[in-house]
Amino acid sequence: MKKITLFLVFIGMMALQSCEVTEVYDNTDIGPRTEVFEVTTSFNSNNNYSSLVEFNPPIYSSDSVLVYHLYDTVNGQDIWKLMPQTYYFNDGGALDFNFDYSRFNVNIFLSANFSLNTLPSSWTQNQTFRIVILPDGFAKTINKNNIDSVMSALKVDKSEVKKIDL
């Protein structure tokens with residue numbers, strides 16, 4: 001009986017060792033994953049001077065996010081400023097355009113050392129932002145202060161910027 005049991009155990013071990021698992025990797029997404037979004041939003045007391053932009057699908061936990069504020073247009077050229085950005089007024093007021101992000105969203109918000117209710121609508125209405133998702137480690141190798149340098153390094157053309165409606 002011992003010999004039969006030993007023989008069955010031996011056969012079982014051989015059968016289990018001959019199993020092979022083949023993993024298939026989808027390599028269609030070669031290169032760094034990059035996305036650039038553009039959103040126009042307005043800030044007021046109803047939305048607590050903030051705007052939430054959700055990522056669908058969520059970004060990777062190793063990704064970084066940059067946000068640029070469209071500050072002005074001069075001679076047809078957009079002037080983008082990397083956030084956070086502080087704007088100083090003659091009366092001593094300071095207005096901050098800032099953001100925070102998670103894997104699931106980016107929250108763009110205003111803060112100031114004065115009541116935001118007193119801001120002219122030119123600072124709160126129809127403000128445009130570019131949200132750039134950078135793959136892990138990529139943020140260390142590029143000049144983040146210049147959005148054109150970032151888009152060039154990521155090989156993203158202006159026509160590929162995805163517009164988000166809030």
Output the distance between atom [atom1] ([X]) and atom [atom2] ([Y]), rounded to the nearest 0.5 Å.
X: Ser152; Y: Asn143; atom1: OG; atom2: CG; value: 11.0 Å
X: Leu154; Y: Ile147; atom1: CG; atom2: CD1; value: 10.0 Å
X: Gln125; Y: Leu119; atom1: CD; atom2: CG; value: 10.5 Å
X: Asp148; Y: Asn145; atom1: CG; atom2: CG; value: 12.5 Å
X: Leu116; Y: Asn44; atom1: CG; atom2: CG; value: 11.0 Å
X: Leu66; Y: Leu134; atom1: CG; atom2: CG; value: 4.5 Å

Return the set of residues passing side-chain contact (heavy atoms from CB on, under 4.5 Å) with [X] (not counting sequence neighbours), or none when no residue passes.
X: Glu38; answer: Trp80, Thr128, Arg130, Val161, Lys163
X: Ser61; answer: Arg103
X: Phe104; answer: Pro58, Ser102

Between [X] and [Y] (side chain of the first, backbone of the second, donor and acceptor by atom type, cut-off under 3.5 Å), is there such a pair?
X: Gln127; Y: Ser122; result: yes
X: Asn47; Y: Ser42; result: yes
X: Gln77; Y: Val74; result: no
X: Asn113; Y: Ala94; result: yes
X: Thr73; Y: Asp78; result: no
X: Asp91; Y: Gly93; result: yes

Same cluster (ILVMFWY, side-chain, under 4.5 Å), [X] and [Y]:
X: Phe43; Y: Met83; result: yes
X: Phe109; Y: Leu82; result: no
X: Leu95; Y: Val67; result: yes

Quiz item: Hey, are the side chains of Val65 and Glu35 touching, using non-hydrogen atoms and a 4.5 Å cut-off?
Solution: no
Quiz item: Is there side-chain contact between Tyr49 and Ser111, with heavy atoms separated by less than 4.5 Å?
Solution: no
Quiz item: With a 6.0 Å cut-off on ring centres, are Phe99 and Phe129 close enough?
Solution: no
Exercise. Answer yes if the ring centres of Phe97 and Tyr87 are under 6.0 angstrom apart, and no otherwise.
Key: yes
Self-check item: Set of side-chain hydrogen bond (donor to acceptor under 3.5 Å, both in side chains) partners for Asn90, sequence neighbours left out
Solution: none
Practice problem: Mind checking side-chain hydrogen bond (donor to acceptor under 3.5 Å, both in side chains) for Lys155 and listing every partner two or more places apart, or none if nothing turns up? | Solution: none
Quiz prompt | Which residues share a ring pair (Phe, Tyr, Trp, His ring centres under 6.0 Å) with Phe55, sequence neighbours left out | solution = none
Quiz prompt | Partner of Pro84 under side-chain contact (heavy atoms from CB on, under 4.5 Å), chosen from Asp100, Asn98, Asp96 | solution = Asn98
Quiz item: Where is the tightest heavy-atom contact between Tyr101 and Asp63, given as atom of each residue plus distance?
Solution: OH-O, 3.8 Å
Practice problem: Anything under 30° is parallel, anything over 60° is perpendicular, the rest tilted; go ahead and classify Phe114 against Phe89. | Solution: perpendicular
